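Within every chain, numbering begins at 1; the chains are lettered A, B, ... in the order of the sequence lines, protein sequences first and strands thereafter. Treat the numbers as computed from the prediction; the structure is a model and nothing was measured.
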2 protein chains.
Amino acid sequence: MLSIGEFSKACGLTVKALRFYHERGVLTPAKVDPHSGYRYYDEHNLETAHVIRALRDLDFSLDDIAQVLENCDDDRDAVAYLENHKRQLAEKLDHYRDLIHKIDRLVTQQQQTREDVAMNQASFEIEERQTEPMLVAGLRMTGRYCDMGKGFGQVARKVGRHIAGKAMCLYYDGEYKEEGADFEPCFPIRKAVEAEGLHVRELPAARCVTLIHRGPYDTLSRSYARALAYAKDKGYELDLPSREVYLKGPGMIFKGNPKKYLTEIQLPIKPT
Amino acid sequence: MLSIGEFSKACGLTVKALRFYHERGVLTPAKVDPHSGYRYYDEHNLETAHVIRALRDLDFSLDDIAQVLENCDDDRDAVAYLENHKRQLAEKLDHYRDLIHKIDRLVTQQQQTREDVAMNQASFEIEERQTEPMLVAGLRMTGRYCDMGKGFGQVARKVGRHIAGKAMCLYYDGEYKEEGADFEPCFPIRKAVEAEGLHVRELPAARCVTLIHRGPYDTLSRSYARALAYAKDKGYELDLPSREVYLKGPGMIFKGNPKKYLTEIQLPIKPT
DNA sequence: GCTTGACCCTCCCGCTACGGGAGGCTTTAC
DNA sequence: GTAAAGCCTCCCGTAGCGGGAGGGTCAAGC
């Protein structure tokens, strides 16, 4: 018969834990002095204690341990519980793996943005440029521009891990529309994915009038005006859809400072 | 200004959570009516709420979120926190992966034991057999047999994932010794591992008198007597170390029922 | 027999991030 | 004016203990 302190040393469980196990009924001492309330443990308790320790080390809950103790005499009986517990652990594992991947994506996106910004920092002038063809997944929608965020959210959720570049939006109207606008938020993706509701295809190359707009979205019209004036000046006829590429916009976590947003406007020139 | 219920719908956080965030100071409503105590939230709160949601989805603690909110205006500022958090998640990931491996090992060992037992169930008679050479890691010790368990524990901890078969023990004394016995608990392993304090080598093949003992260890002497009598009868001279292979003994979790233990005794015959 | 120090006891609070519910105001709609 | 819905605070519960307060018990030495 060992006192709780001696037993604690013998089995490697803390005194606090032993008292708690007693209270929860998973490890009842062989004898409790009714006068002093002192707990005394025997050989059989030691065995149970070892079992509890082994199972706690495997992250079993006390309730599960109680079940195992009740139904098993043998490692063999415990196999079903072990398998079951393993499944639960595997779920947690997947969960954490998923979170780590998400963080990874956030960080690399952030890095990408920083590089893009650094690269484009010099030129805020109107340019003519040939865009590269790219594979995109988009969600065509009709409504107000402020609902665009939800569209991006939906697309991102569906093609999440295949995203290969900056968010962009295609505009199928030739003008600014308060309501009933026809536009398509999309993401460049690495490889063709099937996703219901999404339009996945290669966006063709096009010669464009481009301009990087710096500042909040509600001042975009000024930059549009400049680009359109330039095109008119050159006598270009413009094509649809026009594009906006969100080089630096609201982050995945923070909205950030709208004064620092960078948006590239791309107005395709109708080939002559 | 939205009431807490409306705001809850707007940001996707529960009313309970919002009150809790207020109490913890991570999301203070724009206005609190001093008379009624009603909380009212504004546009800026909505932004903060989104940040909190994004970070909670990544399993950030509220304390960490508070720090991020205090020090970051931008996804870019948050990168360091994300990296840090990722490290913590990676630790958990490793932890769970480790546990799953441990469970796997337990289960496969258990299965192995079952198969071994099924195979050996028929024969409890004395046999002569050539043992196969095998790679083992052992810990030679001097003392009492009851300390053998600790020896197995040490060996198992060091070569854990390389264990390839049943625990066994080599006996270097020609007789039973109460104290000062010279023996070596060891495990067969898959490939040579370096482990300080352990003796890793190939155990040579040997022709043996073998016998499977069923029951607790304190009745082993009867089986030894039978095997020794057989050897004497045949006129064999015996070699050292003799071996015991623990086909079915105390499990990794449960001690199990000693009456069901199976132990193979192997007494090497000195080549003539 | 007495003291002392080590050991043990039973509460109670703390941690995370809320959820559930009781009991009581306030606001809003009809 | 009234009723329903919404809001408030306060308290308890979660898992598995750790820390500590305040007080009883045990064994040994004098």
Side-chain angles (χ1 to χ4, degrees), chain A residues 1-41 45 48-49 51-69 85 88-89 92 95-96 99, chain B residues 1-41 45 48-49 51-69 85 88-89 92 95-96 99:
Chain A
M1 289 297 220
L2 302 171
S3 72
I4 197 170
E6 294 161 337
F7 188 70
S8 161
K9 279 167 200 154
C11 71
L13 297 165
T14 67
V15 171
K16 277 287 190 185
L18 288 171
R19 283 202 267 256
F20 184 63
Y21 294 160
H22 181 192
E23 187 193 329
R24 295 290 300 271
V26 282
L27 179 52
T28 308
K31 192 192 134 198
V32 179
D33 187 315
H35 169 54
S36 66
Y38 277 32
R39 296 168 176 85
Y40 295 99
Y41 295 82
N45 286 146
T48 311
V51 175
I52 293 175
R53 218 162 90 91
L55 294 178
R56 284 294 304 146
D57 284 348
L58 293 174
D59 227 29
F60 271 70
S61 72
L62 286 188
D63 283 351
D64 289 351
I65 292 177
Q67 274 195 37
V68 172
L69 286 174
H85 188 63
Q88 293 174 28
L89 289 177
K92 285 194 189 179
H95 176 66
Y96 284 117
L99 291 185
Chain B
M1 290 295 218
L2 301 172
S3 71
I4 197 169
E6 295 161 336
F7 187 69
S8 162
K9 280 169 200 153
C11 71
L13 297 166
T14 67
V15 171
K16 278 285 188 185
L18 288 171
R19 283 202 268 256
F20 185 64
Y21 294 159
H22 181 193
E23 186 193 331
R24 294 290 302 272
V26 282
L27 179 52
T28 307
K31 192 192 136 199
V32 179
D33 186 315
H35 169 54
S36 67
Y38 276 32
R39 296 168 178 84
Y40 294 98
Y41 294 83
N45 286 146
T48 311
V51 175
I52 293 175
R53 219 161 90 92
L55 294 177
R56 284 293 303 147
D57 283 349
L58 293 175
D59 227 27
F60 272 69
S61 72
L62 286 188
D63 282 352
D64 288 351
I65 292 177
Q67 273 196 38
V68 172
L69 287 173
H85 188 63
Q88 292 174 27
L89 289 177
K92 285 193 189 180
H95 176 66
Y96 285 117
L99 292 185

May I ask you to evaluate whether Tyr21(B) reaches the phosphate of dC18(C), defined as a side-chain N or O under 4.0 Å from OP1 or OP2?
yes
Please state how far atom CG in Leu2(A) lies from atom C1' in dC7(C), giving the value in whole angstrom units.
14 Å
Could you check whether any side-chain heavy atom of Arg56(B) comes within less than 4.5 Å of a side-chain heavy atom of Leu62(B), counting everything from C-beta outward?
yes
Does dG18(D) have its OP1 or OP2 closer than 4.0 Å to a side-chain nitrogen or oxygen of Thr14(A)?
yes
Ignoring hydrogens and geometry, is there a side-chain-to-backbone donor-acceptor pair from Gln88(B) to His85(B) under 3.5 Å?
no
What is the distance, to the nearest angstrom, from the NE2 atom on His35(B) to the C1' atom on dT26(C)?
7 Å
Without decimals, in angstroms, what is the distance between His22(A) NE2 and dC8(C) P?
15 Å
Could you tell me which residues satisfy side chain to side chain donor-acceptor pair (under 3.5 Å) with Gln67(A), sequence neighbours excluded, listed by chain and number?
none
Taking the axis from the first five pairs and the axis from the last five, what angle separates them in the helix from dG1(C)-dC30(D) to dC30(C)-dG1(D), rounded to 10 degrees?
30°
Starting from P on dC8(C), measure out to CG on Leu18(A) and report it in whole angstrom.
10 Å
Looking only at heavy atoms, the pair that brings Tyr96(B) and Leu89(A) closest together is CD2-CD2, 3.5 Å
Flag side-chain contact, heavy atom, 4.5 Å: Leu55(B) against Asp64(B):
no
In whole angstroms, the gap separating C1' of dT16(C) from CD1 of Ile52(B) amounts to 16 Å
Gap between atoms CG and P, on Leu13(B) and dC18(C) respectively (whole Å)
8 Å
Assign a letter to each nucleotide of nucleotides 4-15 of chain D from its 5' end: B, base within under 4.0 Å of a protein heavy atom; S, sugar-phosphate only; -, no contact.
--BSSBB-----
Determine, for Tyr40(A) and Lys31(A), whether the Lys NZ or Arg CZ falls below 6.0 Å from the six-membered ring centre while staying within 45 degrees of the axis.
yes
Would you please name every residue forming a side chain to side chain donor-acceptor pair (under 3.5 Å) with Ser36(B), sequence neighbours left out?
none
Checking Asp57(A) now: which residues fulfil side chain to side chain contact (heavy atoms under 4.5 Å, CB included) with it, not counting sequence neighbours?
none
Can you give me every donor-acceptor pair (side chain of residues 13-30 of chain B, partner residue at least two apart or in another chain, under 3.5 Å) with its distance?
{"residue": "Thr14(B)", "atom": "OG1", "partner": "Ala17(B)", "partner atom": "N", "Å": "3.0"}
{"residue": "His22(B)", "atom": "ND1", "partner": "Arg39(B)", "partner atom": "NE", "Å": "2.9"}
{"residue": "Arg24(B)", "atom": "NH2", "partner": "Asp63(B)", "partner atom": "OD1", "Å": "3.1"}

